[in-house]
Protein chains: 4
Amino acid sequence: MNAEERKKHILTCAKKLFSQHGFYKTQISDIISDAGIARGTVYQYFSNKDDIFVTLVEDFYHDWEKSITLKLENLNLDQISPKQYIFHRIKNTLVFLETDRDLCNIVLRMGIGLHRDFDTLIEKFEKKIIKLVSGDLELGIRYGSVRKNINMELTANLLAGALFRLSYFYFVQKKAPHLDLDEITKEILDIIIPGIFVPQKK
Amino acid sequence: MNAEERKKHILTCAKKLFSQHGFYKTQISDIISDAGIARGTVYQYFSNKDDIFVTLVEDFYHDWEKSITLKLENLNLDQISPKQYIFHRIKNTLVFLETDRDLCNIVLRMGIGLHRDFDTLIEKFEKKIIKLVSGDLELGIRYGSVRKNINMELTANLLAGALFRLSYFYFVQKKAPHLDLDEITKEILDIIIPGIFVPQKK
Amino acid sequence: MNAEERKKHILTCAKKLFSQHGFYKTQISDIISDAGIARGTVYQYFSNKDDIFVTLVEDFYHDWEKSITLKLENLNLDQISPKQYIFHRIKNTLVFLETDRDLCNIVLRMGIGLHRDFDTLIEKFEKKIIKLVSGDLELGIRYGSVRKNINMELTANLLAGALFRLSYFYFVQKKAPHLDLDEITKEILDIIIPGIFVPQKK
Amino acid sequence: MNAEERKKHILTCAKKLFSQHGFYKTQISDIISDAGIARGTVYQYFSNKDDIFVTLVEDFYHDWEKSITLKLENLNLDQISPKQYIFHRIKNTLVFLETDRDLCNIVLRMGIGLHRDFDTLIEKFEKKIIKLVSGDLELGIRYGSVRKNINMELTANLLAGALFRLSYFYFVQKKAPHLDLDEITKEILDIIIPGIFVPQKK
DNA sequence: TATGAATGAGTATTCATTCAT
DNA sequence: GATGAATGAATACTCATTCAT
C-alpha cells in the first residue's frame, strides 16, 4: 500500500467511525485499530485529529462543488428549459449526497450547539452553498423564469435548508435503501417552482 | 435569591456560554465564575453538566410547544382563512424563536457530526416538529386548502428544514436587530403557498 | 428528645451505617437522613465525621473494659479454680462482643491496609487488650496454674488473635443467631489450656 | 526497562506507599513521583488505582499459596512425624510472611471497618486460609495425630487468627530485625499441640 | 438549638501527541 | 517509513463543613 492509498485508507476508516460515533467519541485508538496501523503512522499523514476531520469535510465540499460544476457543464443551457435545468441541479445534488451517507451523517445533521471548533469550516461551506443557490436564482431571473421580486437571501436559505433537511431525512434518518430520486426531485419541484417561477403562459 | 431563581440564574448563564463557546468548550468553571457562585452550588441544582444542557434544551422545546399551542387556541379557525392560519403559525414560530437567540444558536445550528451524546434529545424534538407540521398539512387537506396529492413526509421535512434554516440565518448568523417578521412571513408564504395550496378560483 | 438522647440517636444510626457500608462509604447525608435530622445538627453534637467514629469505637473499648472489669469483681478468686477463672473471662468477652455485632463488624474485621487514619485509636486498643491478656497470664503464673516458661508477648498475641478471629467469625461472618457460648468457650479452653496450663496432678 | 519490569516497578512503589500511608491516603501523584514516571504511564499498566491494589494483594495471596504448596511437596510425609509436619507448615508460613513486611502491613492488619470496597477480595482470601488450615487438621485426624473430636471451624479460625496476629505483631508492629523463627514456631507449637494433638504414649 | 443552602478544596482519569528505536 | 511506549495537560464531580437565619 503506497502513501496515497494509506492516507485514503485512514480517511475511509475515520469517516466510518466519525459517522457512527461522532468526532469526540471517536478516538485515535479506534481509528488505528480499525485501520490496522500503528499509532504514530496516523501522524505521518495528518498533523492531528482535527486535520483528519477537516480533510474529510473539505474533500466532501470540494467533491460536491466539482460534481455540481461538472454536471452543469454537461447541460446545454440553450436546449433545456429553466425547469429542466433546476430539475437537474436538484437531482444531481441528491445523487451526489446519496453516494456517501456517512458523510451526509457527518455534515448535514441538525446539530444542537455542542461545539464551536469547526465553525469556520461550516461557515465557509454555508456561504458557498448560499452563493450557489443564489447564482442559480439570479440565472433564472436573467432568463425570465424566476420571479424578479423574490427576496434573494431568504429564498436561497429557504431552498438550502429544505434540501439539506430532505437529504438528511432520506439518506441518514430513514436509511431508505432504494430511492427514486427522479420522483423525489419532481415532488420537490412541484412545491417550490410555483412560488419561485414566473407563471407560464400557455 | 430563592432556589427557583438561582436555578434559573445558572441556566441563563450556562445558556449564554453554551451559545458563545459550545457545550464542550464551556467549562463548569466558566459557568460558576459567570454566575458568581461556588462550584458545589451547581451540583445542588443539577446532577451534572449534561443535566444543565438537557434542561436548557428541553425547556426550550417545551416552551416552543406551549407557545405554539397557546397561540393556536387564540385563532378562531372558523373566522380566518387557511392562508391566514398558516401565516399565524409561521409568524408565531419566528416570533418565538427570535425571543431567545442564544437558544436558537444552541438548537438550530447545522451541526457537523462532532458528537452523538444528545442524539435522543434531538430525535425527540425532530419527531415532534415533523408531527406538528404534518398536522397542519393534514388540517389543510381536510379544509380543502392544501393539495391532496402532496407527499406528506417530504413536504413536512422540506418546510421544517426551510423554517429552521431561515431562523438560524436571521437570528443567529445575520444577528439582524430589527426584523419585520410580518414581511418575512409574507415572503415565505409567497414561496411555499403556491406549491402546497390548491389554486383558488376567483 | 433531649441532648443526651439525640447524641445517642445519632451514634446508633451512624453505627448501623458504618457497619453496613464502612466509614468512607457512609456519608453525613446518609446519617442525617437515617436519623431524620438536619445537616447542621450533627455538628452540634460532634465536631466532625471522624469524631462520630472515634466516639463510637472508644465507647466500645470503654464498655468492653468496664464489662470485663465489672464481671471480674463478681468472681470470687478464692473460691474458683484457675480454669473456672479463665472460662469466665473468655465467656464474658464473647458475651459482650455478641451483644453488639455492628460494633464487632466495625472493630474486629481483618482489614487490608486501606487507611492509616485511626492507627492511634487501634494501637491504643491493641495495647490494652494485650496488657489485659498478659495480666491474666501473669496472674496464672503467680497462682502456679500457668507454665512459667511461656513467652509472654507471643502467648498474649496468640490468644488475642484467636479470640478476635473467633468473635468475628461467629458474630459477623456466620451471623449465627443462637450460639451456645458455654460450649464454644469450653472448646476454646480444650485447645489452649493444655499448652498453657501446668499439667495437673490427680 | 521493559514492560514486565516497569509494571513490577510500579507495584513495588505502590506497595511501599500503601503500606506507609494506606490505600486512600496514597495518591496516584505519590506513586508516579515515587516511581519517576508520567501520570499516563500508570494507566498503561493498570486500569485504575483499585487495579494496582487488587493486583498487589492477589499476587500476595497467589505467592503465599504457591509458597506453601511448593514447600509441602518437599516434605516427605512418610519420613517425618506429624509434629514435624506442622512445624514446617507454620515455620514456612512465618518465613514467607517475614519476607515482605510491607505486604503483611497491607494484608494482615486488624482493620476497623473503614471501607467495604475490597470485601470480596478479603473474603476469598479468608476462605482459602481456613480451608488450608482445615485441610491440615483433617490430615492430622486421618493420621491419628489430631484429636477426632475437635470443632473443625472453631479450631481452624482459632489457629488462623493466632498466626495472623503473631505475624502482624512480629513483622509489622515490633519490626524485629532478626527473629529466630525456629524458636517462635517451637513456642507456638508448645501452646497449640497439647490441645489439638492426641496425647502420645511413651 | 435547629436548619439546610452554600461552599471549595481535593483527585482520579482520559486521550491526543511525541519521539527514540 | 513505521512503530508504540511514554507523556502530561486538562476537567468534572464529591462531600465534609460552615454560618446566616
Side-chain angles (χ1 to χ4, degrees), chain A residues 1-3 6-7 23-33 35-53, chain B residues 1-3 5-7 10 24-33 35-52, chain C residues 1-3 6-7 23-33 35-53, chain D residues 1-3 5-7 10 24-33 35-52:
Chain A
M1 203 186 282
N2 64 30
R6 181 151 298 207
K7 186 167 186 176
F23 178 78
Y24 290 114
K25 284 269 185 290
T26 300
Q27 281 140 37
I28 294 290
S29 302
D30 300 328
I31 296 172
I32 61 169
S33 78
I37 56 173
R39 187 162 289 266
T41 307
V42 172
Y43 294 88
Q44 301 273 353
Y45 297 94
F46 300 94
S47 49
N48 50 38
K49 193 183 162 188
D50 279 24
D51 188 26
I52 306 178
F53 192 79
Chain B
M1 203 186 281
N2 63 28
E5 288 166 346
R6 182 148 298 215
K7 187 166 186 176
I10 296 171
Y24 291 114
K25 283 269 185 289
T26 300
Q27 260 76 287
I28 292 290
S29 303
D30 301 329
I31 296 173
I32 61 171
S33 76
I37 55 173
R39 189 160 290 269
T41 307
V42 172
Y43 294 90
Q44 294 261 354
Y45 296 93
F46 301 94
S47 48
N48 50 39
K49 195 181 157 188
D50 278 25
D51 189 26
I52 305 179
Chain C
M1 205 186 282
N2 64 28
R6 183 151 296 209
K7 186 166 185 176
F23 179 77
Y24 291 114
K25 285 267 185 290
T26 300
Q27 281 141 35
I28 294 292
S29 303
D30 300 328
I31 296 173
I32 61 170
S33 78
I37 55 172
R39 188 162 289 268
T41 307
V42 171
Y43 294 87
Q44 300 274 354
Y45 297 94
F46 301 94
S47 49
N48 51 37
K49 193 184 164 189
D50 279 22
D51 188 27
I52 305 178
F53 192 77
Chain D
M1 204 186 280
N2 64 29
E5 288 166 345
R6 181 145 302 213
K7 188 167 184 176
I10 296 172
Y24 291 113
K25 284 269 185 290
T26 300
Q27 258 77 289
I28 292 290
S29 303
D30 300 329
I31 296 172
I32 62 170
S33 76
I37 55 172
R39 189 159 289 271
T41 307
V42 173
Y43 293 89
Q44 294 257 355
Y45 296 93
F46 301 94
S47 48
N48 51 37
K49 195 182 157 188
D50 278 25
D51 189 26
I52 305 178

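Each chain gets a letter, A, B and so on, in the order the sequences are listed, and its residues count up from 1.
A straight line from CD of D:E5 to C1' of F:dA5 spans 14 Å, rounded to a whole angstrom. F:dT14 atom P lies 17 Å from atom OH of B:Y45, rounded to whole Å. Atom pair C:I31:CD1 and F:dT17:C1' shows a separation of 13 Å (rounding to whole Å applied). Taking atom NZ of residue A:K49 and atom C1' of nucleotide E:dT14, one finds them 11 Å apart after rounding to whole Å. In this structure, B:K7 atom NZ and E:dA5 atom P are separated by 13 Å, rounded to whole Å. Note: CG (A:N48) to C1' (E:dT18) measures 13 Å, nearest angstrom. A straight line from CG of C:D50 to C1' of F:dT17 spans 12 Å, rounded to a whole angstrom. D:K25 places its NZ atom 16 Å from the C1' atom of E:dA12, with the value rounded to the nearest Å.
Residues A:D50 and A:F23 are in side-chain contact: their nearest non-hydrogen atoms beyond the backbone lie under 4.5 Å apart. Within the 4.5 Å cutoff, side-chain heavy atoms of C:V42 are placed close to those of C:I32.
Within 4.0 Å (heavy atoms only), B:F46 reaches no atom of the nucleic acid at all.
At a cut-off of 3.5 angstrom, the base of E:dA5 holds no donor-acceptor pair with the side chain of B:Q44.
Here the shortest heavy-atom pairing between C:D30 and C:K25 reads OD2-O, 3.7 Å. The two residues D:F46 and D:I10 come nearest to each other via the heavy atoms CE1-CG2, 3.7 Å.
Atoms CD1 and CZ, on B:I31 and B:R39 in that order, are 10.0 Å from each other to the nearest 0.5 Å. To the nearest 0.5 angstrom, D:I28 atom CD1 is 4.5 Å from D:I52 atom CD1.
Each of C:T26 and D:N2 lies near DNA chain F, and the nucleotide nearest D:N2 is the one positioned closer to the 5' end. A residue-by-residue look at C:S29 and D:I37 shows that D:I37 has its nearest nucleotide of DNA chain F further toward the 5' end. Heavy-atom distances to DNA chain E give each of B:R6 and D:T41 a nearest nucleotide, and the one nearer the 5′ end belongs to B:R6. Nearest-nucleotide assignment on DNA chain E puts the 5′-proximal partner with B:G40, out of B:G40 and A:I28.
Among the nucleotides E:dA2, E:dG8, F:dA16, the one closest to the side chain of C:Q27 is F:dA16.
Using a 4.0 Å cut-off, no side-chain N or O of C:R39 falls inside it from OP1 or OP2 of F:dC15. In this model, the phosphate group of F:dT7 is not approached by any side-chain N or O of D:Y43 to a distance below 4.0 Å at OP1 or OP2.
Between B:Y24 and A:Y24, the angle of the ring planes lies from 30° to 60°, which puts this pair in the tilted group.
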Query - Base-pairing string, 5' to 3', of DNA chain F - Watson-Crick or wobble, under 3.5 Å, | interstrand - result: .||||||||||||||||||||

